[in-house]
J.: 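So that we are looking at the same thing, I have put the structure below in structure tokens.
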Amino acid sequence: MCMLTDMMDYGAVLCEIAVELKEFEGKGKVPSYIPELAKVDPNQFGMCLTTVEGTRYEIGDSQVKFSIQSISKVLSLTIAINILRSDLWKRVGVEPSGNPFNSIVQLEYENGIPRNPFINAGAIVIADVLVSQLKRPKEEFLAFVQGITGSDIQYNEQVAQSEKSVGYMNTSLAYMMKEKGNLVNDVEEVLDFYYLQCSLEMTCVELAEAFRNFGETGKPFGHGEYILTMSQALRMNALMLTCGFYDESGEFAFEVGLPGKSGVGGAIVALLPERYCVSVWSPPLNKKGNSSKGMKALELLTTKTGGSIF
Ligand code: GLN
């Protein structure tokens, strides 16, 4: 083990991780519930680490685009927090759910108020907020994401359509919240926006770039009119740590020790505030819907560098 210093040779650490992950070949499954994602080559693997100063280290398929899926929930929340500020927390909580990302059980007995903005029900409420508050939600959200990454990010309409064609559980969650008065707009319209936001495609490099600024808590972060204050940025990190991996959030904090967010496209992004942001992509998922190899890669990273938030 080596100590974390500004002189850390992260490039060498990423190479070691890629070699050690060979043992992990064949673990996990690509998600079959979204037909388009089931077609992705499971053997792809990429990783990118960028320091807050902007020095970048990459390995493998770090420049290949993938579906960011639930990682987009952090970006939509950034805009919603800017607009509604503390009023947002009347419609969605900030507690870990301890349940799978698409679970409906708590939603009924907790009166249609999702536990947090990163489970599907919570993200659908955030999508409802953006549909109400933005004049052109699809265009404005995309412009925000392009602004914070500085890259030509696009939606993948085919992935969005594919998910919509089988989105029975998300439809159920949305109607449950509509019935309980926590969804203002038409369910179809909200879900169309939600599927599109999840279909955003990025590379590991773009993802690390997009999230790097969440780690620079001393600086305001955002794009256009949507800028997080320092306190809001700290709270986003708290939410990523406690809720970013659904019912595996405790495990991620225990094994990796960084705030982060995963998506069923197989990517994970995580950050060590004031030091670096790291992204990893490997499509096969574990039983909780998080990238099997990605979880292991990040555990190796914080073990080898000796640095986590704790
Ligand atoms: N779009 C996916 C869904 O709603 C996102 C899930 C995820 O990435 N965990 O099921």
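From a predicted model like this one, the values you see are computed outputs, not experimental measurements. One-based numbering along the sequence shown. Reckoned from all heavy atoms, side chains included, excluding hydrogens, waters and symmetry mates.
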J.: For Ala80 and Leu130, which heavy atoms make the closest approach, and how far apart are they?
T.: N-CD2, 3.9 Å
J.: Any salt bridge (charged side-chain N to carboxylate O under 4.0 Å, His left out) pairs touching residues 176-201, not counting sequence neighbours?
T.: Lys164-Glu188, Lys164-Asp192
J.: Before giving the answer on salt bridge (charged side-chain N to carboxylate O under 4.0 Å, His left out), spell out for Lys65 and Glu206 the whole-Å C-alpha distance, their side-chain angles and the decisive distance to 0.1 Å.
T.: CA-CA 9 Å; Lys65 295 265 188 189; Glu206 290 163 346; 2.9 Å; yes
J.: Set out, in order, the CA-CA distance, both residues' side-chain angles and the distance that settles salt bridge (charged side-chain N to carboxylate O under 4.0 Å, His left out) for Glu16 and Lys304, then state yes or no.
T.: CA-CA 9 Å; Glu16 278 177 35; Lys304 285 175 185 293; 2.8 Å; yes
J.: Please state whether the rings of Phe245 and Phe252 are parallel, tilted or perpendicular, taking 30° and 60° as the class boundaries.
T.: parallel
J.: Can I get a per-line list of side-chain donor-acceptor pairs under 3.5 Å for residues 253-265, giving both atom names and the distance, sequence neighbours left out?
T.:
from   : atom 1 : to     : atom 2 : distance (Å)
Lys261 : NZ     : Gly244 : O      : 3.0
Lys261 : NZ     : Tyr246 : OH     : 2.9
Ser262 : OG     : Asn290 : OD1    : 2.6

J.: Do Leu207 and Val64 share a hydrophobic cluster (ILVMFWY, side-chain heavy atoms under 4.5 Å, transitive)?
T.: yes
J.: For Ser172, what residues pass the side chain to side chain contact (heavy atoms under 4.5 Å, CB included) criterion, not counting sequence neighbours?
T.: Ile104, Met169
J.: So which heavy atom on Ile124 is nearest to which on Val190, and how close?
T.: O-CG1, 3.6 Å
J.: Going by side chain to side chain donor-acceptor pair (under 3.5 Å), name the residues that satisfy it together with Glu36, two or more places apart in sequence or in a different chain.
T.: Lys39
J.: Given the rule in the side-chain contact (heavy atoms from CB on, under 4.5 Å) test, do Ile71 and Leu200 qualify, once you have shown the distances and angles that lead to the verdict?
T.: CA-CA 9 Å; Ile71 296 175; Leu200 276 177; over 6 Å; no
J.: Of all the heavy-atom pairs spanning Ala208 and Thr50, show the shortest one and how long it is.
T.: CB-CG2, 3.6 Å
J.: More than 12 non-hydrogen atoms from neighbouring residues, nucleotides or ligands closer than 6.0 Å to CD on Gln133, yes or no?
T.: yes
J.: Does atom CD (Gln44) have a neighbourhood of more than 12 heavy atoms from anything else shown, all under 6.0 Å?
T.: yes
J.: Apply the test side-chain contact (heavy atoms from CB on, under 4.5 Å) to residues Asn99 and Asp247: give CA-CA distance (whole Å), side-chain angles for both, the deciding distance (0.1 Å), then the verdict.
T.: CA-CA 5 Å; Asn99 274 304; Asp247 46 344; 5.6 Å; no
J.: Mind listing the side-chain donor-acceptor pairs of residues 146-154 below 3.5 Å, one per line with the distance, residues two or more places apart or on another chain?
T.:
from   : atom 1 : to     : atom 2 : distance (Å)
Gln146 : NE2    : Ile153 : O      : 2.8
Thr149 : OG1    : Val145 : O      : 2.8
Thr149 : OG1    : Gln146 : O      : 3.3
Thr149 : OG1    : Ser151 : N      : 3.4
Asp152 : OD1    : Gln154 : NE2    : 2.8

J.: Strictly distance-based, threshold 3.5 Å: is any side-chain N or O of Asp128 a donor or acceptor partner for the main-chain N or O of Asn185?
T.: yes
J.: What I'd like to find out is whether the side chain of Leu49 reaches to under 4.5 Å of the side chain of Leu301, using heavy atoms alone.
T.: yes
J.: Would you name the heavy atoms of Leu142 and Tyr155 that are closest together and state the gap between them?
T.: N-OH, 3.6 Å
J.: I'd like to know if Lys296 pairs up with Glu23 as an ion pair, taking the criterion as any Lys NZ or Arg NE/NH1/NH2 lying under 4.0 Å from an Asp or Glu carboxylate oxygen.
T.: no
J.: Glu248 vs Lys287, test: salt bridge (charged side-chain N to carboxylate O under 4.0 Å, His left out). Steps then yes/no.
T.: CA-CA 10 Å; Glu248 205 169 30; Lys287 290 201 169 77; over 6 Å; no
J.: Main chain of Phe118, side chain of Asn116: is a donor-acceptor contact present, judged purely on distance under 3.5 Å?
T.: yes
J.: Looking at every non-hydrogen atom in both residues, tell me the closest pair between Leu300 and Leu21 and how far apart they are.
T.: CD1-CD2, 4.3 Å
J.: Going by heavy atoms in the side chains, are Val40 and Phe66 under 4.5 Å from each other?
T.: no
J.: Do Thr55 and Glu53 have a side chain donor and acceptor closer than 3.5 Å?
T.: no
J.: Less than 4.5 Å apart, side chain to side chain, heavy atoms only: is that true for Leu285 and Lys288?
T.: no
J.: Between Cys204 and Ser279, which heavy-atom pair has the shortest distance, and what is it?
T.: O-OG, 2.7 Å
J.: Testing the 3.5 Å rule here: is there a donor-acceptor pair between the side chains of Ser70 and Lys73?
T.: yes
J.: I'd like to know if Arg115 pairs up with Glu110 as an ion pair, taking the criterion as any Lys NZ or Arg NE/NH1/NH2 lying under 4.0 Å from an Asp or Glu carboxylate oxygen.
T.: yes
J.: So Trp89 and Leu84, side-chain contact (heavy atoms from CB on, under 4.5 Å) or not? Walk me through it.
T.: CA-CA 9 Å; Trp89 309 120; Leu84 292 192; over 6 Å; no
J.: Look at the side chain of Ser72 and the backbone N and O of Gln69, then say whether any donor-acceptor pair between them is shorter than 3.5 Å.
T.: yes
J.: Residues two or more places apart in sequence or in another chain: which of them pass side chain to side chain donor-acceptor pair (under 3.5 Å) with Glu163?
T.: none
